[in-house]
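Throughout, a chain's letter reflects where its sequence line sits, starting with A, and its residues are numbered from 1. These numbers come from a predicted model, not from an experiment.
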Protein chains: 2
Amino acid sequence: MVTRTAQERRDEEKRAYDAYLAACPARKLLDEVSGKWVSLVLVALGDGPQRYSDLSRRIAGVSQKMLTQTLRTLERDGLLTRTVTACVPVRVDYELTDLGRSLRQLVAGIKDWAEARFEEVESARDRYDARSAALTIGSDGAG
Amino acid sequence: MVTRTAQERRDEEKRAYDAYLAACPARKLLDEVSGKWVSLVLVALGDGPQRYSDLSRRIAGVSQKMLTQTLRTLERDGLLTRTVTACVPVRVDYELTDLGRSLRQLVAGIKDWAEARFEEVESARDRYDARSAALTIGSDGAG
DNA sequence: CGGAATCCTGGGAGATACTG
DNA sequence: CAGTATCTCCCAGGATTCCG
């Protein structure tokens, strides 16, 4: 089939892209760090070691699944340590490593930026939306 | 039904959470900024204004849909400007605003961190995986 | 050239229930 | 308390096609 060659070409491009990503691990890491909960966990751990339940309380809206998953990934990446204390109710503490602290600094910077600038962003949105609405109305009646 | 009350309670919590998010717009902004392509676009625009086609070439692997979508969002948020030059082949340039540049600085910091530290992360992963494998084998045969 | 509209799929993410 | 396992749903995002 002729259609196969197109499919094959796309597959090849896909493989080339995957190879590119493999050759650029920093970008995959960048992607991972951009995860929805990563920044929140990192910031939450900024105040020192925290128990699992502390984290789930401090990070509003996180499911235990996503919290566990995020913590596992960060532990694997060497950004935090997981310490199990085998007492009667099991106790697990999470703490940032030096590597994790170095990233936390940067992430906290973004968080601060978001908190400091979101008003500017919102007013920009209002202007944009107002402009869009005006264009829609304008192009509606008048040719 | 008794089951309804459970459902109702969950709905209420859901609404409460949504209200919380609405009351915390900075977090939504943080989420948005964490988007997969946002950082790449921001960094790519660091070298000055770029045409649409320039961006799609510089950002390997981005689809035209996601590039457009990301650019629209960033434009709406006031992070960049979109300039259309109505010449024969239409020309569109994107350029960071001051607000966009301020964020780009921070994002570039994360990118630099990822590039500088990914080796540490990878070796941490290797250690973690080796440990996990050892535990799996150990718990397999010996009780 | 720079998009918009449409269709479709993978997997990210929540809810629930169970375990040590 | 701190998870694990499973099911499901939703939508981010890719492919394709059409437009000015």
Side-chain angles (χ1 to χ4, degrees), chain A residues 3 6-18 21 31-32 34-38 40-41 49-75 80 82-94 132 135-136 139 143, chain B residues 3 6-18 21 31-32 34-38 40-41 49-75 80 82-94 132 135-136 139 143:
Chain A
T3 50
Q7 177 62 34
E8 285 174 350
R9 209 192 53 221
R10 259 182 287 126
D11 284 352
E12 207 157 340
E13 285 172 354
K14 183 85 173 176
R15 273 199 305 278
Y17 175 61
D18 290 345
L21 272 192
D31 246 42
E32 195 183 289
S34 299
K36 186 173 184 175
W37 302 107
V38 174
L40 297 170
V41 169
Q50 307 269 334
R51 299 184 58 170
Y52 181 90
S53 44
D54 292 334
L55 288 173
S56 71
R57 237 173 291 114
R58 290 171 63 115
I59 305 174
V62 70
S63 64
Q64 79 285 51
K65 173 184 170 180
M66 289 318 296
L67 181 54
T68 299
Q69 186 175 303
T70 303
L71 288 168
R72 280 292 128 77
T73 304
L74 294 179
E75 184 196 1
L80 54 79
R82 176 171 178 273
T83 309
V84 182
T85 309
C87 48
V88 182
V90 191
R91 177 198 176 101
V92 182
D93 288 272
Y94 294 91
S132 300
L135 285 176
T136 304
S139 66
Chain B
T3 50
Q7 178 62 34
E8 285 175 349
R9 209 192 54 220
R10 260 182 287 124
D11 284 351
E12 208 157 339
E13 285 171 355
K14 182 85 174 176
R15 273 199 306 277
Y17 175 59
D18 289 346
L21 272 192
D31 247 42
E32 195 183 290
S34 299
K36 188 172 184 177
W37 303 108
V38 173
L40 296 170
V41 168
Q50 305 269 335
R51 297 185 59 172
Y52 180 90
S53 44
D54 291 334
L55 288 172
S56 71
R57 237 173 291 116
R58 291 172 63 117
I59 305 175
V62 70
S63 67
Q64 148 267 0
K65 173 182 171 179
M66 289 320 295
L67 181 55
T68 299
Q69 186 175 300
T70 303
L71 288 168
R72 279 294 128 78
T73 303
L74 294 179
E75 184 197 1
L80 54 79
R82 177 172 178 269
T83 310
V84 182
T85 309
C87 48
V88 183
V90 191
R91 177 199 177 100
V92 181
D93 287 272
Y94 294 91
S132 300
L135 285 176
T136 304
S139 66

Legend entry - Contact nearer the 5' end of DNA chain C, comparing B/V92 with A/V90: B/V92
Inset, instruction - Tell me which nucleotide among C/dG14, D/dA2, C/dG2 gets nearest to the side chain of B/S53. - result: C/dG2
Legend entry - Shortest non-hydrogen contact between B/C87 and B/P89, atoms and distance: SG-O, 3.2 Å
Inset, instruction - Starting from P on D/dG3, measure out to CZ on A/R51 and report it in whole angstrom. - result: 10 Å
Inset, instruction - Could you check if a side-chain atom of B/E32 sits within less than 4.5 angstrom of a side-chain atom of B/T73, using non-hydrogen atoms only? - result: yes
Legend entry - Distance, rounded to the nearest Å, where B/Y52 contributes OH and C/dA4 contributes P: 8 Å
Inset, instruction - Please examine the side chains of B/Y94 and B/Q50, heavy atoms only from C-beta on, and report whether any two atoms are closer than 4.5 Å. - result: no
Inset, instruction - Using atom CG of A/D31 as one end and atom C1' of D/dG13 as the other, report the distance to the nearest whole Å. - result: 13 Å
Legend entry - For A/V62 against A/M66, the heavy-atom pair lying closest together: CG2-CB, 4.1 Å
Legend entry - Nearest to side-chain heavy atoms of B/Y94, which nucleotide of C/dG3, C/dG14, D/dG3: C/dG3
Inset, instruction - Starting from P on C/dG14, measure out to CD1 on A/I59 and report it in whole angstrom. - result: 12 Å
Legend entry - Spacing between B/R91 atom CZ and C/dG3 atom P, to the nearest angstrom: 12 Å
Inset, instruction - Return the value, rounded to whole Å, for the distance between atom CD of A/Q69 and atom P of D/dA2. - result: 19 Å
Within the sub-3.5 Å range, which N or O atoms of nucleotides 5-10 of chain C have a protein N or O partner, and how far apart are they?
none

Inset, instruction - Specify the separation, in whole Å, of atom CZ of B/R82 and atom C1' of C/dG3. - result: 8 Å
Legend entry - Validation row: A/L67, A/W37 side chains within 4.5 angstrom (heavy atoms): no
Inset, instruction - Round to a whole Å and report the spacing from CH2 of A/W37 to C1' of C/dG12. - result: 12 Å
Inset, instruction - Return yes if a side-chain donor-acceptor contact under 3.5 Å exists between A/T68 and A/Y52, otherwise no. - result: yes
Legend entry - Out of D/dA2, C/dC1, C/dG14, whichever nucleotide has its closest atom nearest the side chain of B/P89: C/dC1
Legend entry - Non-hydrogen side-chain atoms of B/T83 and B/V92 separated by less than 4.5 Å: no
